[in-house]
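Take a look at the structure set out below.
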Amino acid sequence: MDFSHSIFTEGSDATPPAEDTPAARGRFRQRCEVIANTYLLSRRESEVMYYLARGYKSSHIQQQLYISEGTAKTHIRHIYRKLNIHSQQDLIHLIDEVEL
């Protein structure tokens with residue numbers, strides 16, 4: 001998957017990671033990209049995963065990506081299955097463990 005043009009862009013109402021600096025946001029996006037590439041997530045799954053990793057629920061993801069809530073939940077199920085995780089907290093831990 002080519003991430004030369006990153007899909008992990010900040011939305012106007014997105015909540016930044018705990019460290020709200022451009023460098024911290026960049027590192028967070030890079031860790032998400034590593035996970036997306038490692039586990040062969042589709043482009044849309046990668047976008048959904050980014051919002052999940054930021055702590056958002058399916059209803060917010062639906063609004064941000066202009067998809068139905070059912071579609072958002074389906075993407076989330078696929079992401080969890082591909083990453084062999086069971087919760088949003090597991091995803092956050094997985095991304096936090098990525099070494100850049």
Side-chain angles (χ1 to χ4, degrees):
M1 186 172 285
D2 177 23
F3 280 99
S4 57
H5 175 66
S6 180
I7 60 170
F8 301 110
T9 57
E10 299 295 325
S12 59
D13 65 345
T15 304
E19 293 180 45
D20 188 17
T21 65
R25 288 189 302 268
R27 286 189 302 273
F28 182 77
R29 279 192 293 273
Q30 287 176 336
R31 289 194 307 268
C32 289
E33 290 173 2
V34 167
I35 295 295
N37 287 331
T38 301
Y39 291 92
L40 304 175
L41 299 184
S42 72
R43 182 173 178 82
R44 197 53 140 181
E45 289 168 345
S46 299
E47 291 171 325
V48 170
M49 183 199 68
Y50 174 72
Y51 284 106
L52 276 176
R54 305 267 325 266
Y56 292 117
K57 302 294 182 199
S58 61
S59 58
H60 180 80
I61 294 167
Q62 161 204 350
Q63 293 171 346
Q64 290 297 306
L65 300 179
Y66 304 102
I67 57 178
S68 73
E69 191 166 3
T71 299
K73 288 179 178 182
T74 296
H75 285 310
I76 292 167
R77 263 194 329 273
H78 291 169
I79 291 164
Y80 286 2
R81 186 181 60 224
K82 286 182 178 183
L83 275 56
N84 195 28
I85 59 176
H86 304 286
S87 69
Q88 190 173 24
Q89 192 62 51
D90 290 343
L91 173 63
I92 292 167
H93 286 301
L94 183 64
I95 290 172
D96 283 346
E97 292 174 358
V98 171
E99 302 270 340
L100 296 180

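Residue Y80 holds its OH atom at 13.0 Å from CD of E45, rounded to the nearest 0.5 Å. Interatomic distance, CG of L83 versus CD1 of I35, reported as 6.0 Å (0.5 Å rounding). With values rounded to the nearest 0.5 angstrom, E47 atom CD is found 12.0 Å from C32 atom SG. One finds the OG atom of S87 at 12.0 Å from the CD1 atom of I76 (value rounded to the nearest 0.5 Å).
For residues 68-78, the pairs satisfying salt bridge (Lys or Arg N to Asp or Glu O under 4.0 Å) are E69-K73, with sequence neighbours left out.
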Applying side-chain contact (heavy atoms from CB on, under 4.5 Å) to R44 and I67, what does each step give before you reach the verdict?
CA-CA 10 Å; R44 197 53 140 181; I67 57 178; 3.3 Å; yes
Run the side-chain contact (heavy atoms from CB on, under 4.5 Å) check on H78 and T74 step by step: do they pass?
CA-CA 6 Å; H78 291 169; T74 296; 3.5 Å; yes
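Evaluation of the side chain to side chain donor-acceptor pair (under 3.5 Å) rule for Q63 yields no partner, not counting sequence neighbours. Remark: Q62 pairs with no residue by the side chain to side chain donor-acceptor pair (under 3.5 Å) rule, at least two apart or across chains. S59 pairs by the side chain to side chain donor-acceptor pair (under 3.5 Å) definition with nothing, not counting sequence neighbours. Shown here are the side chain to side chain donor-acceptor pair (under 3.5 Å) partners of K57, two or more places apart in sequence or in another chain: Q88.
A 4.5 Å side-chain heavy-atom check between L41 and K82 finds at least one atom pair inside the cut-off.
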Check: residues 91-100 side-chain donor-acceptor pairs under 3.5 Å, at least two apart:
{"unit_1": "H93", "atom_1": "NE2", "unit_2": "Q89", "atom_2": "NE2", "d": "3.3"}

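The nearest pair of heavy atoms linking A72 to I61 is CB-CG2, 4.4 Å.
Ring geometry for Y56 against Y51 counts as tilted: the plane angle lies between 30° and 60°, on a 0 to 90° scale.
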